[in-house]
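Worksheet for the structure shown next.
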Amino acid sequence: MPSVAIRAQDFSHYFGTKQTLKKINLDVAENKILGIIGPAGSGKSTFLRALNRLNDLVPDSRVEGTLLVEGVDVYSADTSVAELRRRLGMVFAIPVPLPRSIYENVAFGARMAGLKDKSALTEIVIDSLKKTALWEEVSDRLHSSALKLSGGQQQRLCIARTLALKPRFILLDEPTSGLDPISTMKIEETLRQLKKDYTIILVTNNTKQAARVADRTAFFLNGDLIEVDETVRVFSAPSDQRTNDYISGRFG
Amino acid sequence: MTRLERKESLIRIALLVVAFSAVSVLVVITVFIIEEGTPIMVKYGFKKFLFNLDWFPSEESYGLLPMVIGSIMVTFGALVIGVPFGLACAVFLTEFSSKRLRRVIKPMIELLAGIPSVVYGFMGVVILVPFIRETLGGPGLSVLASSIILGIMILPTIISISVDSLEAVPPAYREGSIALGATRWQTTRMVMFPAARSGIIASIILGMGRAIGETMAVIMIAGNAIAIPRSLLDPVRTLTSNIALEMAYASGEHRQALFATGVILFVIIMILNTIANVTSKRRKA
């Protein structure tokens, strides 16, 4: 059993009076891909956003229980939130590059963290673009606007700018929901490569994507974690009837 | 044509007439002040009119320079006060305040715009002018007093348009930046401001137009002396005050010269509004 990187213990989350996560107990293993599946409103994105405290941006957001990332309590008062967010890089459903150049997008996180040395920044930018297989496509126009890239390229740029933070984790929130099959394939391939160096959590609406990419898969429903197991087991012999119904397309 | 269709086209024509009559007012005003104001400028000489220091209508000397400089000083002063306050307030409301607080504060700021300008002038006369006279010296009626009052008067324009343009920035920009470990302030400075830049610039230019065009409050607190102020504590006369103060008794060439003052104001404000329109449109493109 590889070591545990993220551990949720009786972790609950509320928006106002609405409970969006109900006493989640979940371990995420190091250097693996955890897929999270479930219908809309199941709490899978909320769980992801609880990890890097992005839910804090929503007023009346509140948590109970504990959430440990590499043994450190995410919601403890002396956690540096900005530092936490650099450790858990996040990629969103709709790729939204900042309205700046390709270079500036990738360098953004490092700059905000206070890195000023130009050659070090450039090194990080090139390295991150290479890891997402974007380097060959954009190396000649690093300083043109990132908004000119195609949708698939923009999403890989967003992954690259996350990698530039030198995170330990990559959180992906339905990263291919707006992309064509070929771009999706490229991103899935990128994820398989990245697994060597990062622990990845992939929230997806596309159950087949979880089956293709994830080592373990968790199924969320109405804020409950129904089951989590090796992906092969979840898809071939789920222990809960509701999981079976969902992956066979009976609802969701 | 059915009865309903006929009614429809009648309504269409009626609304068209109403809409055009609103525009025609603009045309009438433009034509009127240009017709009244340009002959004297041509006769007296445009350059002399704009750059001569002496405004003695009784001696047929029409030099607008003190008023032009007065308007520029007071407007610039208003921006120095209004822009930092306005932008800070807009950033607080969009980036740092709770939704509940914003729902209370924003309507109150917009209410500021509804206060009649004579009331601002009154507050200036009663509170600000004596305060300046006693603490800083001079007559109190001054560039400084006008700048402060105008700075407050342009706040609603700057704040509400800046808030609108900051709110129009896609939330994903903010989220993306925060998720990359940027703080709220870094996000505001590096992402929100650049993305909302055109709207913010438009808000400043519109505020500037408001400050140049304001008349009543300025007459009450500026002192209205026809001389270029040597310090912020000296009295000042603006283009608008010049018209309002003298129109009542002016006749002949004097009256025409006041219309010419109006032409100059009109052109300045048209230019500012056009710049504001162009910059705020560029954002949508």
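Below, chains carry the letters A, B, ... as their sequence lines are ordered, and counting in each starts from 1. All figures in this text were calculated on a predicted structure; none of them were measured in a lab.
- More than 12 heavy atoms of other residues, nucleotides or ligands sit less than 6.0 Å from atom CE of B:M153.
- Heavy atoms closer than 4.5 Å to chain A are found in both the backbone and the side chain of B:S177.
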What's the verdict on side-chain contact (heavy atoms from CB on, under 4.5 Å) for A:L57 and B:R184, showing C-alpha distance, side-chain angles and the deciding distance?
CA-CA 10 Å; A:L57 296 186; B:R184 269 270 131 89; 3.9 Å; yes
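- Counting non-hydrogen atoms of other residues, nucleotides and ligands closer than 6.0 Å to CZ of B:R102 gives a total above 12.
- By the neighbour-count criterion of 12 heavy atoms within 6.0 Å, atom CZ of B:F96 is densely surrounded, having more than that number from other residues, nucleotides or ligands.
- Remark: B:T183 OG1 to A:R85 CZ distance equals 10.0 Å, nearest 0.5 Å.
- Near-neighbour residues of residues 65-83 of chain A relative to chain B, defined by a heavy atom under 4.5 Å from a heavy atom of that chain, comprise A:A82.
- Proximity to chain A is absent for every atom of B:R174, based on heavy atoms less than 4.5 angstrom apart.
- Around CZ of B:F193, the count of heavy atoms belonging to other residues, nucleotides or ligands within 6.0 Å exceeds 12.
- Residue-level contacts of residues 87-103 of chain A with chain B, in order of numbering, are A:M90, A:F92, A:V96, A:P97, A:L98, A:P99, A:R100; threshold 4.5 Å between heavy atoms.
- Within 6.0 Å of atom CE in B:M190, more than 12 heavy atoms from other residues, nucleotides or ligands are found, so the atom counts as buried in its surroundings.
- Chain B forms more heavy-atom pairs under 4.5 Å with one residue of A:L54, A:T162, A:N52 than with any other, namely A:L54.
- Heavy-atom pairs under 4.5 Å with chain A peak, among B:A182, B:P170, B:S98, at B:A182.
- Here the shortest heavy-atom pairing between B:L180 and A:R86 reads O-CG, 3.9 Å.
- At a 4.5 Å heavy-atom cutoff, the contact between A:R49 and chain B is made by side-chain atoms alone.
- Nearest heavy atoms, A:R161 versus B:G176: NH2-CA, 3.9 Å.
- Other residues, nucleotides and ligands contribute only 12 or fewer heavy atoms inside 6.0 Å of the CD atom of B:E8.
- No part of A:D56 comes within reach of chain B, as not one of its non-hydrogen atoms sits under 4.5 angstrom from that chain.
- The environment of CD in A:E123 is sparse: at most 12 heavy-atom neighbours from other residues, nucleotides or ligands sit within 6.0 Å.
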